[in-house]
Amino acid sequence: EFVEVGDDYFADALFIGDSRTVGLRDYGHMDNASFFASVGLTVYSMWDKAITARLTPGSGSEQETEPVVEQMTLEEVLTSRHFGKVYLQIGINEMGTGTVDTFIKKYEEAVQRIGELQPDAIIYVEAIMKVGKEKSETDPIFNNAGITERNDRIAQLADGQKIFYIDMNEVVCDEEGN
């Protein structure tokens, strides 16, 4: 169930993701949240790449007053701070790579590793955002049927205790699900 929260709710939140999360970081007015996001980031590369992370004050040292922006790996981010919430929005770039089974295996491993490094955090696995109708109807790879198949598998990772599934498609898609 969705409830309205204030900006302070995200002070202990880390958002991990691809270009869609970059958009949230750059245009979402979420200055209290921390971000590990990069255009093109995938579940296959998220642990290997050092990218520019933005970590906000309050999720780390008490002496920090400004966000820390530096090149870090995801493991460095997850071991440098305590987060109460971790949001994972990744998956569109993996369309066309491997199978749904190989994708979900790697995705599940990522969720488990996040849980190991942040044992007190609630993990929110987010649905892959769907594409527009024309794209879906003409693209053999980036289409809503394939996205729905992956989202159904991502949703199965939620246990309702430590891992929760969020489907933002409910608020951004039209009546036809595009």
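Source: prediction; values computed, not measured.
- When every heavy atom of A33 is checked against every heavy atom of T56, the shortest pair comes out as O-CG2, 2.8 Å.
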Can you list, pair by pair, the side-chain donor-acceptor contacts under 3.5 Å of residues 22-29, counting residues two or more places apart and other chains?
none

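- Side-chain atoms of N144 and N178 form a donor-acceptor pair, as typed in the model, at a separation below 3.5 Å.
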Side chain to side chain contact (heavy atoms under 4.5 Å, CB included) assessment of N151 paired with N169: CA-CA 10 Å; N151 284 344; N169 288 303; 3.6 Å; yes
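- For T97, the side chain to side chain contact (heavy atoms under 4.5 Å, CB included) partners at least two apart in sequence or on another chain are Y44.
- The salt bridge (charged side-chain N to carboxylate O under 4.0 Å, His left out) pairs that include a residue from residues 149-166 are D101-R153, where partners are two or more places apart or lie in different chains.
- In terms of hydrophobic clustering, with Ile, Leu, Val, Met, Phe, Trp and Tyr side chains grouped at heavy-atom distances under 4.5 Å, M168 and Y165 are assigned to different clusters.
- Between the side chain of K85 and the main chain of Y9, a donor-acceptor pair closer than 3.5 Å is present.
- Here the side chain of Q71 pairs a donor or acceptor atom with the backbone of T52 at under 3.5 angstrom.
- Hydrophobic clustering of Ile, Leu, Val, Met, Phe, Trp and Tyr side chains at less than 4.5 Å, counting indirect connections, keeps V172 apart from I166.
- Annotation for A37 and D18: closest pair CB-O, 4.3 Å, computed over non-hydrogen atoms.
- With hydrogens and angles ignored, the 3.5 Å screen pairs no side-chain donor or acceptor of S45 with any backbone N or O of D48.
- Annotation for K106: atom NZ does not count as buried by contact number, only 12 or fewer foreign heavy atoms lying within 6.0 Å.
- R81 approaches Q118 most closely through the heavy-atom pair O-NE2, 2.7 Å.
- For the pair D12 (side chain) and F83 (backbone), a donor-acceptor distance under 3.5 Å is absent.
- Side-chain contact between R54 and V68 is absent, with no heavy-atom pair separated by less than 4.5 Å.
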What donor-acceptor contacts under 3.5 angstrom involve side-chain atoms of residues 120-135, with partners at least two apart or in another chain?
from : atom 1 : to   : atom 2 : distance (Å)
K130 : NZ     : T148 : OG1    : 3.4
K133 : NZ     : E176 : OE1    : 3.2
K135 : NZ     : D139 : OD2    : 3.0

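- Side-chain contact between V5 and F10: present, with at least one pair of heavy atoms (C-beta onward) separated by less than 4.5 Å.
- A parallel orientation is assigned to the rings of F15 and F35, their planes being inclined by less than 30° (bins at 30° and 60°).
- The shortest heavy-atom contact between I16 and T21 is O-OG1, 4.0 Å.
- M46 and A110 get closest at one heavy-atom pair: SD-CB, 4.0 Å.
- Of all non-hydrogen atoms in A53 and V77, the two that sit nearest each other are CB-CG2, 3.9 Å.
- By the 4.0 Å N-to-carboxylate-O rule, E109 lies too far from R113 to be salt-bridged with it.
- Formation of a donor-acceptor pair under 3.5 Å by the T79 side chain with backbone atoms of E75 is found in this model.
- With rounding to the nearest 0.5 angstrom, the CG atom of L14 is 7.0 Å from the CG atom of L74.
- Note on residues 101-122: pairs passing ring-ring contact (aromatic ring centres under 6.0 Å, His included), not counting sequence neighbours, are F103-Y107.
- Taken from CE in M72 to CG in L78, the straight-line distance is 9.0 Å, to the nearest 0.5 Å.
- Atom-to-atom distance recorded for S19:OG and L41:CG is 10.0 Å, nearest 0.5 angstrom.
- Residues V43 and I141 are members of one and the same hydrophobic cluster, defined by side-chain heavy-atom contacts under 4.5 angstrom among Ile, Leu, Val, Met, Phe, Trp and Tyr.
- Note that CD1 of I92 is 11.5 Å distant from CD1 of I90, once rounded to the nearest 0.5 Å.
- In terms of the side chain to side chain contact (heavy atoms under 4.5 Å, CB included) criterion, residue partners of Q112 (sequence neighbours excluded) are, by chain and number, E108.
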